[in-house]
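Residue numbers run from 1 in the order of the sequence given.
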Amino acid sequence: MAGQGTVGLEIFEDQPALDALLVPVGGGGLVSGIAAIASQLRPNTRIIAVEPDRAADLHESLSVGKVVAWDRKVTATTIADGLRAPFVGDTPWQVIRTQLTEALTVSDEMIRAAMRLVVQHTNTIVEPSGAVATAALLQYSEMFSGLRVGAVVSGGNLGLDQFTKLLAP
């Protein structure tokens, strides 16, 4: 968590005036590390977790106030394979439950659209798991209208052939 929180440090150094920061979630280490940093450095910045709708265990956990585990057969159906953890870890949960109130879910279709957008505008191939935060900007664009929003984009563990197959209709 501490090491992953340095992502937040770097973002806040570059963009100190963000209203919100969207962060992909699997086991919770990245978002809890960033949330811990934000609570100290940028307490007014909303840290928003983003998950695939087919692996939305954190979204459900926040709704009921305790860690909920999802069946791996369900989480295995999302294209965002790096975010298929069936539940958030105990240590990240301790930070998440006190520092975070929001988790958004995105569809695989929006993840694909975000992957296309990133490659078109940055010439960077991003894996589905790394594109979920950008997918949230697309899927919930009205929610973020007029705000300064950052999105953590991570993960290039994807070859061109696999990228092309994922984007095929």
Side-chain angles (χ1 to χ4, degrees), residues 1-63 78-80 82-83 85 88 92-158 163 166-167:
M1 283 177 15
Q4 293 177 19
T6 62
V7 171
L9 281 174
E10 292 179 24
I11 290 170
F12 295 133
E13 283 177 7
D14 287 344
Q15 298 295 323
L18 291 177
D19 296 310
L21 180 59
L22 301 164
V23 184
V25 177
L30 179 62
V31 74
S32 61
I34 291 174
I37 293 294
S39 71
Q40 299 299 309
L41 298 180
R42 301 291 184 265
N44 294 327
T45 300
R46 291 168 38 205
I47 305 302
I48 302 171
V50 184
E51 301 174 289
D53 57 12
R54 297 179 189 172
D57 56 282
L58 178 60
H59 184 269
E60 185 176 345
S61 297
L62 286 170
S63 296
T78 180
I79 63 169
L83 305 180
V88 296
W93 174 249
Q94 298 309 313
V95 173
I96 289 167
R97 70 183 182 81
T98 60
Q99 304 290 329
L100 208 68
T101 57
E102 295 176 83
L104 300 175
T105 64
V106 293
S107 67
D108 280 4
E109 293 73 27
M110 278 296 160
I111 295 170
R112 285 184 181 95
M115 291 169 66
R116 281 187 198 94
L117 182 73
V118 171
V119 78
Q120 287 169 348
H121 291 278
T122 69
N123 291 324
T124 302
I125 293 177
V126 63
E127 65 185 68
S129 300
V132 296
T134 305
L137 285 171
L138 296 173
Q139 190 165 327
Y140 301 97
S141 60
E142 290 181 16
M143 175 190 298
F144 299 113
S145 179
L147 299 178
R148 295 165 297 193
V149 181
V152 175
V153 178
S154 60
N157 298 321
L158 192 65
F163 180 80
L166 282 168
L167 296 184

Self-check item: Straight-line distance of Thr105 OG1 to Gln139 CD, nearest 0.5 Å
Solution: 6.5 Å
Quiz item: What are the two closest non-hydrogen atoms of Ser129 and Gly82, and how far apart are they?
Solution: OG-N, 2.8 Å
Quiz item: Would you say the side chain of Pro24 lies within less than 4.5 Å of the side chain of Val152, judging by non-hydrogen atoms?
Solution: yes
Self-check item: Flag, side chain of Thr45 to backbone of Leu18, donor-acceptor distance under 3.5 Å
Solution: yes
Quiz item: Rounded to the nearest 0.5 Å, how far apart are CD of Gln94 and CE of Met1?
Solution: 9.5 Å
Practice problem: Output the distance between atom CG (Leu58) and atom CD (Glu51), rounded to the nearest 0.5 Å. | Solution: 4.5 Å
Quiz item: Quick one: does Ser145's side chain have a donor or acceptor within less than 3.5 Å of a partner on Ser141's backbone?
Solution: no
Practice problem: Return the minimal non-hydrogen interatomic distance between Ala151 and Leu21, and the atom names on each side. | Solution: N-CD1, 4.0 Å
Practice problem: Count the heavy atoms belonging to other residues, nucleotides or ligands that lie under 6.0 Å from CD of Gln120, then report whether that count exceeds 12. | Solution: yes
Quiz prompt | Asp108 vs Arg54 side-chain heavy atoms within contact, under 4.5 Å | solution = yes
Quiz prompt | Identified side chain to side chain contact (heavy atoms under 4.5 Å, CB included) counterpart of Ile111 within the set Thr134, Val132, Leu138 | solution = Val132
Exercise. Looking only at non-hydrogen atoms, find the nearest pair between Ala135 and Ala114 and report the distance.
Key: N-CB, 3.5 Å
Quiz prompt | Considering all heavy atoms, the nearest Ala136-Leu104 contact | solution = CB-CD1, 4.4 Å
Self-check item: Over all atoms of both residues, closest heavy-atom pair of Ala35 and Ile47
Solution: CA-CG1, 4.2 Å
Quiz item: Should Thr122 and Val153 count as side-chain neighbours, where that means a heavy-atom distance under 4.5 Å?
Solution: no
Self-check item: Atom pair CD1 (Ile79) and CE (Met115), whose distance is rounded to the nearest 0.5 Å
Solution: 6.0 Å
Exercise. Give the minimum heavy-atom separation between Ser32 and Ile96, together with the two atoms involved.
Key: CB-CG1, 4.0 Å
Practice problem: Measure the shortest side-chain to side-chain distance between Phe144 and Ile48 over non-hydrogen atoms and say whether it is less than 4.5 angstrom. | Solution: yes
Exercise. With rounding to the nearest 0.5 Å, note down the distance linking CZ in Arg42 to CG in Asp19.
Key: 12.5 Å
Quiz item: Do the non-hydrogen side-chain atoms of Val50 and Leu83 ever get within less than 4.5 Å of each other?
Solution: no
Exercise. Compare all side-chain heavy atoms of Gln15 with those of Arg148 and state whether any distance is below 4.5 angstrom.
Key: no
Practice problem: Give, for atom NE2 of His59 and atom CG of Asp57, the distance between the pair rounded to the nearest 0.5 Å. | Solution: 11.5 Å
